[in-house]
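Working notes, structure below.
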Amino acid sequence: MPVADDLCTTPAGRRCLELVRELSGAGPDGPMERHSVRVVLLAEELARRTGRAIDHEVVLCAGLLHDLGLYPGAATKAAYVTDGRHLAERELTALGWDAARVRLAADAVEHHHELTAQWARGNEVELLRKADLVEVSHGLVMAGVPRPFYRDLLRRVPRDGFVPEVLRGLGAALRERPGSLWRIARPG
Ligand SMILES: [Fe+2]
């Protein structure tokens, strides 16, 4: 069974996983699902190592949704991280989350490519940003994650297909909403 199924035990987690599978079009255990799972587990590990309190379900749901703005089912002409934010707001509100948790998850999605620390928006936001940085740099930036942890994670949840998947998404963004690309790192 894909690791994601073990992680997603709440209705919100299940719904977010369903969205990853639907919008990415890959079905269970696709490259984007595995990337999102690694981001969640990296953020969790960073929280544990640094003793920072987090809302685990917010990290889980934001981690699953964070790149879905890349896909046609969620994309508009906005920056893809902003489309991801709006998707998170719609879905998590529909699941009955209170406004503060929706906002925290939406911030984590929208600000995951910011170039500066985001602690002021919440631990979840900054830890997700760091976790994604480890992933997109392919471990060049470890952001406090021990290398053996990441190696083990890549064995459990392989990267296969991740780079072509992201390049496809960014290629579509470049063709269809080029003006939005610079706002990935500084939305809003
Ligand atoms: Fe990502």
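Both counts, for ligands and for their atoms, begin at 1 and track the order of listing. These values consider heavy atoms only, across backbone and side chains, with no hydrogens, waters or symmetry-generated copies.
Hydrophobic clustering places Val37 together with Val166 (ILVMFWY residues linked when any side-chain heavy atoms are closer than 4.5 Å, directly or through intermediates).
A donor atom on one side chain and an acceptor atom on the other are not found under 3.5 Å apart for His138 and Tyr150.
By the 4.0 Å N-to-carboxylate-O rule, Arg15 lies close enough to Glu91 to be salt-bridged with it.
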*Give the C-alpha distance, both sets of side-chain angles, the deciding distance and a yes or no for side chain to side chain contact (heavy atoms under 4.5 Å, CB included) between Val81 and His111.*
CA-CA 7 Å; Val81 292; His111 297 287; over 6 Å; no
*Do His66 and His35 pass the ring-ring contact (aromatic ring centres under 6.0 Å, His included) test, and can you show the C-alpha distance, the side-chain angles, and the key distance before you say yes or no?*
CA-CA 10 Å; His66 81 279; His35 163 60; 4.9 Å; yes
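Of all protein atoms, those of element N, O or S that lie under 2.8 Å from the Fe ion (ligand 1) number 4.
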Please list, one pair per line, the donor and acceptor atoms closer than 3.5 Å that link side chains of residues 52-64 to other protein atoms, with sequence neighbours excluded.
{"residue": "Asp55", "atom": "OD1", "partner": "Glu57", "partner atom": "N", "Å": "3.1"}
{"residue": "Asp55", "atom": "OD1", "partner": "Val58", "partner atom": "N", "Å": "3.1"}
{"residue": "Asp55", "atom": "OD1", "partner": "Arg101", "partner atom": "NH2", "Å": "3.1"}
{"residue": "Asp55", "atom": "OD2", "partner": "Arg101", "partner atom": "NE", "Å": "2.8"}
{"residue": "Asp55", "atom": "OD2", "partner": "Arg101", "partner atom": "NH2", "Å": "3.3"}
{"residue": "His56", "atom": "ND1", "partner": "Glu44", "partner atom": "OE1", "Å": "3.0"}
{"residue": "His56", "atom": "ND1", "partner": "Glu44", "partner atom": "OE2", "Å": "2.8"}
{"residue": "Glu57", "atom": "OE1", "partner": "Arg101", "partner atom": "NH2", "Å": "2.9"}
{"residue": "Glu57", "atom": "OE2", "partner": "Thr10", "partner atom": "OG1", "Å": "2.6"}

